[in-house]
Amino acid sequence: MDKVIQVKDLTKRFGSFTAVDAITFEVGRGEIFGFLGANGAGKTTAMRMLCGLSYPSGGSGTVAGFDIVREGEQIKRHIGYMSQRFSLYEDLTVFENMQLFGGIYGMSERDIRSRADDLLEKVQFASQRDTLVGSIPLGWKQKLAFLVATMHSPEIVFLDEPTGGVDPITRRQFWDMIRQAASEGTTIFVTTHYMDEAEYCDRVSIMVDGHIRALDSPQALKEQFGAKNMNEVFVKLCR
Amino acid sequence: MQIKLSSFVKKEMLHILRDPRTMLVVLVIPVVLILLFGFTVSTDVNHIDVAVCAPVRGDAVRKTVERLCRTDLFRFKGFIDAPDIDAHLRTGKASAVVVLADDYETSGHYQVVLDGADVNTARVSEGYLRGVIGGGDQDLFVLQQVYNPEMKSAFNFIPGILGMIFLLICAIMTSVSIVREKETGTMEVLLVSPVKPAYIIVSKMIPYLLLSLVDLAIILLLAYFVLDVPLSGGVWNIILFSVVYLVLALALGMVVSNVAKSQIAALLMSALVMMMPVLFFSGMLFPPDNLPWALRWITYIIPARWYIDAMRKLMIEGVGLRSVLLEGGILVGETLLLLAAATKRFSDRLEG
C-alpha cells in the first residue's frame, strides 16, 4: 500500500521532559488511522509535529511525501486540520467560512462555490448555507468543521478529538462522513477518547507515556489482549 | 498555488461590521469625545465677574473700566470700596477685584485680587486682566497670545483625542482581535494552513487602518467645521503624519498580541501600558515641562507625545512639515523598532 505518513523515531522533548519518545509508524493512503492514548500520553504533541506546527527534537518522517523537518510549508498545503477546539468563525456564515478556507488553500472562487454546494448537498445542509455559524447546533458545527477541513480535497486530514461533547447520534453521522471521505481516498488521522470510535478505524495505535505500546487493527488488538472490546484493551494498556 | 490576501481582509471586515460593539467604539466614540471635549469639557474662561475698587475716579480709571466692559471676557460688577473686597470674593459676587491706586492716573499702579479657589480660572483671569488693564494707552504691558488668541481648549484637546483614539483602534482592537483567534483556536487552524503568519497579521491591520482613516476624516471635519480649528498646516501633512502614527500603533498592537495570552490580558496590558501614559505623559492634559524630571524623561519615549506635539504645530500653528521633522523622525524610528520586535516574536510554529 502507498504510504502517506512515515515516521521513524520521532521524538519531542520539552526541557528534561520527553513528551514523545521515539515513535515509529506508517499510515497508508485512504486508511482511517486511530491515534489513541490517555490524556498527556503525547498524542497531540505528536500530531502537531506531523502538521508542521512544532519541530521534532529528534527522528525523521514524511507526510504526503514531504519531510517534516525541512518541508513544513509543503506539508501544510497537502493536509487538512480540525482542532479539538471548535474553530470556525461564529460571526461568519456557513458559506463564508468555506469561502475563507477555500481561499486560504488557493482555490478559485468558482471551485469554492461548486465544492461548497457539493459538500453541503451531501450532508443535506444546503438550506443553512447562509446561516451564521454561531446560531447552528454544536453537532452541526463539528460536521461543518470537518467539511471545511476537507474543502481543498487534502491528501490527509488530521482530526484532533473531533467529536468531543457531541451526542452519540451525531457522532455516528460524523463517522459516516469520515468513512465516506476515506473511501474517496483521503487518509484520516484521528485522535479520540471514545473507544467505540476506535472500532471504526482500520488500524489503531495506543500511546502510553510517549511510547506507542500497541499498533494493529482493532480486531487483532482485541485478540492479542484477550479483550471483548477496545475499551478493555485500552484499560489494560494504560493502567 | 496562490493565496488571496483579499479573502482574509474580507473576513476581517465582516468581523468588524457584524460586531455592533466594535462599530460603536469606532464610529460613535470619536464623535462623542470630540463634541464632549470641544463644547462641555472646556478650560476656557469667559464672563469673569470683575469688580473695581478705585477711590479716585479720573479719566484713566474710566477708560480702563470701558476696556474691561468692551470684551466678553469680563462682566463688570460695579465699583466697590476697599473693605468690601473680601466679602465680594467670598460670596462670589466677583471672582476678581481690580484695585486702582489713588495715583493711577499718573503711575498706572494697580493691584489684582483674585479668588484662588479655582486656580485655573484665577490664572487665566490674571493673564486677561494684565492684558486689558496694562495694555492701556501707553502700552505698559502687552500680552499677546499668538496662534490661539482666545485660548480655546478644543484646540488643545483635538490632537490629544486623535492620539488616544488611534491607539484605541489600532493597538487595542487589533491586539484583542488577534488574541481572540488564539483563544478560540482559529489561529491554530490558520497556522496549520499554508498562509504565512505575516499575511494573517497584515490582513488584520488593513481594516483597522482603513477605519482609523475614516475616524481621522470624521474628526478633522468636526474640528474644522464645528470647532473652528484652523488646520492651517495643511490637511495632507496632517494625514501623512497620522498614517505614520497609525502604523506605529498597529505595531504596538502586534507586540501586545504576541505577549498576551488572553483577550483580557491584552486589554489590560493595552490600557495600562498605553492609555495611562497617553493621558498623563503625552502632554494631552499636562504640559510635559511641568513634570518632575524623572517623569519628563518618560515622556520622551511616549510616541503619543511626539504625535500630539506635531499635530498641535500642524493644526494650530500652521507650520509646514519641515518644522515637525524631529517629531516625525522619532515616530518613524520607534515604528521600525516596534515592527522589528513584533516580527521577531512571531513564530509560525505554535510551540508548547
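Order of the sequence lines sets the chain letters (A, B, ...), proteins ahead of strands, with each chain counted from 1.
- In this structure, B/I264 places its CD1 atom where only 12 or fewer heavy-atom neighbours from other residues, nucleotides or ligands lie under 6.0 Å away.
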task = Walk me through it: do A/L92 and B/H15 pass the test side-chain contact (heavy atoms from CB on, under 4.5 Å)?
result = CA-CA 8 Å; A/L92 300 184; B/H15 285 324; 4.2 Å; yes
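- Interatomic distance, B/R180 CZ to A/Y89 OH, rounded to the nearest 0.5 Å: 10.5 Å.
- Counting all heavy atoms, side chain and backbone alike, B/T186 lies closest to A/L88 at CG2-O, 4.0 Å.
- Inter-residue side-chain proximity for B/L14 and A/D91 is flagged as unmet; no heavy-atom pair is nearer than 4.5 Å.
- Pairing each heavy atom of A/S83 with each of B/E188, the nearest pair is CB-OE2, 3.9 Å.
- Closest non-hydrogen pair, B/L191 versus A/K76, comes out as O-NZ, 3.0 Å.
- Remark: A/F101 CZ to B/L190 CG distance equals 5.0 Å, nearest 0.5 Å.
- For the residue pair B/F8 and A/I104, the shortest heavy atom distance occurs at CE1-CG1, 3.5 Å.
- Residue A/D176 places its CG atom among more than 12 non-hydrogen atoms of other residues, nucleotides or ligands, all under 6.0 Å distant.
- Residue A/F158: no heavy atom, backbone or side chain, is found under 4.5 Å from chain B.
- For the residue pair A/L100 and B/K11, the shortest heavy atom distance occurs at CD2-CD, 3.3 Å.
- In this structure, the portions of B/S193 lying under 4.5 Å from any heavy atom of chain A include both its backbone and its side chain.
- Looking at heavy atoms from C-beta onward, A/L132 lies in side-chain contact with B/R18 at the 4.5 angstrom threshold.
- Surrounding OH of A/Y194 are more than 12 heavy atoms belonging to other residues, nucleotides or ligands, all under 6.0 Å away.
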